[in-house]
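Right, one structure below, let's go through it.
These figures come from a predicted structure and were not determined experimentally.
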Amino acid sequence: MILPALAAGFGVAVILVSTSPFSVRAQDAAPEAAQSSNPPPAEAPPPDPAAELAAKRDQTRAELETLSKTISLSSDKVSELQQSIANLEKSTQSIRQALIDSAARRKGLEKQILESEKKLADLGVKQDGIRRSLHERRGLLAEVLAALQRMGRNPPPALLVTPDDALASVRSAILLGAVVPGIRKETDKLAADLASLAALQTASAAEKTQLTATMTDSIEEERRMDLLLAENDKLSRSNAAELEAERKRSQELAGKATSLEGLVASMESEIASVREAAAAARQAEESRKLLTDEQRAQAKALAESGVPDKNRIAPAYPFAELTAKLELPVAGDILRQFGDADGTGHEAMGMTVATNPETVVTAPADGLVVFAGAFRSYGQMIILDAGDGYHLVLSGMDAINTRQGKFVFSGEPLAVMGAKRVASATALALETDRPTLYIEFRKDGKPVDSRPWWTAKDTGKARNDS
């Protein structure tokens with residue numbers, strides 16, 4: 001008697017309460033029993049959160065690369081940049097300081113882009129999770145919405161309208177007491193999911209807007225650096241013929257060398273600019289050792305203040321004292337550390353960092369450029385003599401903006417990464433298309449772990465793409 005009354009109140013067919021408290025059924029008991037005898041379909045395995053996030057990051061990265069190709073600077077902005085470079089004092093010291101400042105801004109923007117990329121990927125994974133949940137519950141949600149719609153059209157009769165409706169109202173209330181709580185629970189859950197999805201979409205749109213502005217600033221800084229590098233080349237004391245002759249000679253030596261130690265030794269003995277600069281650096285280092293404790297303390301304080309003498313030809317102070325003070329030469333994710341498996345059954349002698357395309361590479365410390373060019377399986381490589389018997393090796397770049405025999409300052413731009421990963425012996429077993437920079441520290445010719453030298457925020461290992 002209750003069911004027909006409720007059906008009359010709702011204006012629908014007879015309903016039977018089953019596992020869903022508001023399921024609408026048109027089947028009789030026999031088909032339902034037959035259905036229950038069939039085994040339930042096997043559930044799909046839950047998605048792997050790490051793999052899902054990795055896939056979403058790859059998708060986000062591809063979208064950002066496409067977006068970056070659509071961004072360009074206006075002619076007014078280009079003219080403004082050119083004018084700002086023209087107004088600079090045309091001295092080696094001022095240009096190099098401007099390059100260091102530009103590289104610092106560019107690395108900061110690249111870090112912001114990486115962070116935005118991670119945020120967008122995380123937001124995307126959360127949106128996909130809610131959409132997947134809604135899709136899996138689409139049958140249930142259809143019943144909820146249908147029941148709510150029917151109740152809105154034909155509400156149960158009020159108890160105090162007429163005596164004839166009293167019995168129907170009581171009967172409806174009895175069944176609604178069992179059904180409505182389930183409907184309310186699912187309705188609240190649906191409303192919460194839709195609100196969460198809307199909030200995630202709003203946050204994603206805001207992050208994309210901010211990211212577009214950051215990428216525009218990064219392109220502007222990249223153009224500024226190109227102009228500064230061109231000015232820096234004009235101030236070079238060596239003529240083009242001498243530089244070309246040294247470059248060819250260094251290529252010959254690199255072809256003959258069988259190890260990094262042999263390459264460094266041959267460069268320091270046979271390349272004039274490297275030999276002279278190394279001798280001057282050693283002399284400056286010896287002079288520093290003769291300083292009094294007070295003078296040494298003053299020099300160290302000046303170096304730590306970030307404004308050491310820009311005319312120096314030797315490191316501001318001993319490399320061994322720079323522990324926990326160096327910043328990574330690129331903004332990126334650490335994929336492999338010293339001592340990790342290198343994909344050939346051996347331990348890695350350095351660290352590998354994945355970057356975004358065309359990321360700037362800066363000098364991690366003051367040093368003399370002993371070598372700059374291609375070397376065997378390392379690809380494009382730079383070797384810095386940081387003093388105290390330490391050499392810093394950087395490889396995997398696409399374009400090098402420095403030369404051997406030049407003394408560079410910490411933070412000075414040295415090279416630019418390419419658009420894709422360069423195949424090399426140092427990047428084996430890395431299943432990623434991202435550009436990768438290999439960093440190796442050597443003490444007296446032997447590789448050492450570089451982690452003690454990086455600042456605390458740079459020592460962590462990010463998600464491995466392998």
Exercise. Is there a side-chain contact (heavy atoms from CB on, under 4.5 Å) between Asp340 and Met351 once you walk through the steps?
Worked result: CA-CA 9 Å; Asp340 290 347; Met351 67 188 299; over 6 Å; no
- [ ] May I have the step-by-step check of side chain to side chain donor-acceptor pair (under 3.5 Å) for Thr60 and Glu117, ending in yes or no?
- [x] CA-CA 7 Å; Thr60 303; Glu117 176 187 295; over 6 Å; no
Next on the checklist: Run Glu221 and Ser102 through side chain to side chain donor-acceptor pair (under 3.5 Å) and show every step you take.
Outcome noted: CA-CA 7 Å; Glu221 202 59 54; Ser102 178; 2.8 Å; yes
Item to check | Verdict with supporting geometry, Thr455 and Lys325, side chain to side chain donor-acceptor pair (under 3.5 Å) | outcome: CA-CA 5 Å; Thr455 59; Lys325 289 185 171 66; over 6 Å; no
For side-chain contact (heavy atoms from CB on, under 4.5 Å), just list the numbers for Phe375 and Met381, CA-CA rounded to whole Å, side-chain angles, deciding distance to a tenth of an Å, and then say yes or no.
-> CA-CA 7 Å; Phe375 179 64; Met381 185 176 71; 3.5 Å; yes
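Summarising the geometry of Ser204 relative to Gln127, their closest heavy-atom pair is CB-NE2, 3.7 Å, with the distance given to 0.1 Å. Nearest heavy atoms, Pro364 versus Ser410: O-OG, 3.5 Å. Closest of all the heavy-atom pairs between Gly445 and Arg442 is O-NH2, 2.8 Å.
Using a cutoff of 4.0 Å between basic side-chain nitrogens and carboxylate oxygens, Asp217 and Arg105 are not scored as salt-bridged. Salt-bridge check for Asp122 with Lys118: failed, with every basic side-chain N at 4.0 Å or more from each acidic carboxylate O. By the 4.0 Å N-to-carboxylate-O rule, Glu220 lies close enough to Arg224 to be salt-bridged with it.
For Phe319 and Phe441, the ring centers sit closer than 6.0 Å to each other.
A side-chain contact (heavy atoms from CB on, under 4.5 Å) with Thr362 holds for exactly one of Glu327, Glu412, Lys107; it is Lys107. With Val360 as reference, Met225 is the one residue of Glu222, Met225, Met417 to meet the side-chain contact (heavy atoms from CB on, under 4.5 Å) rule.
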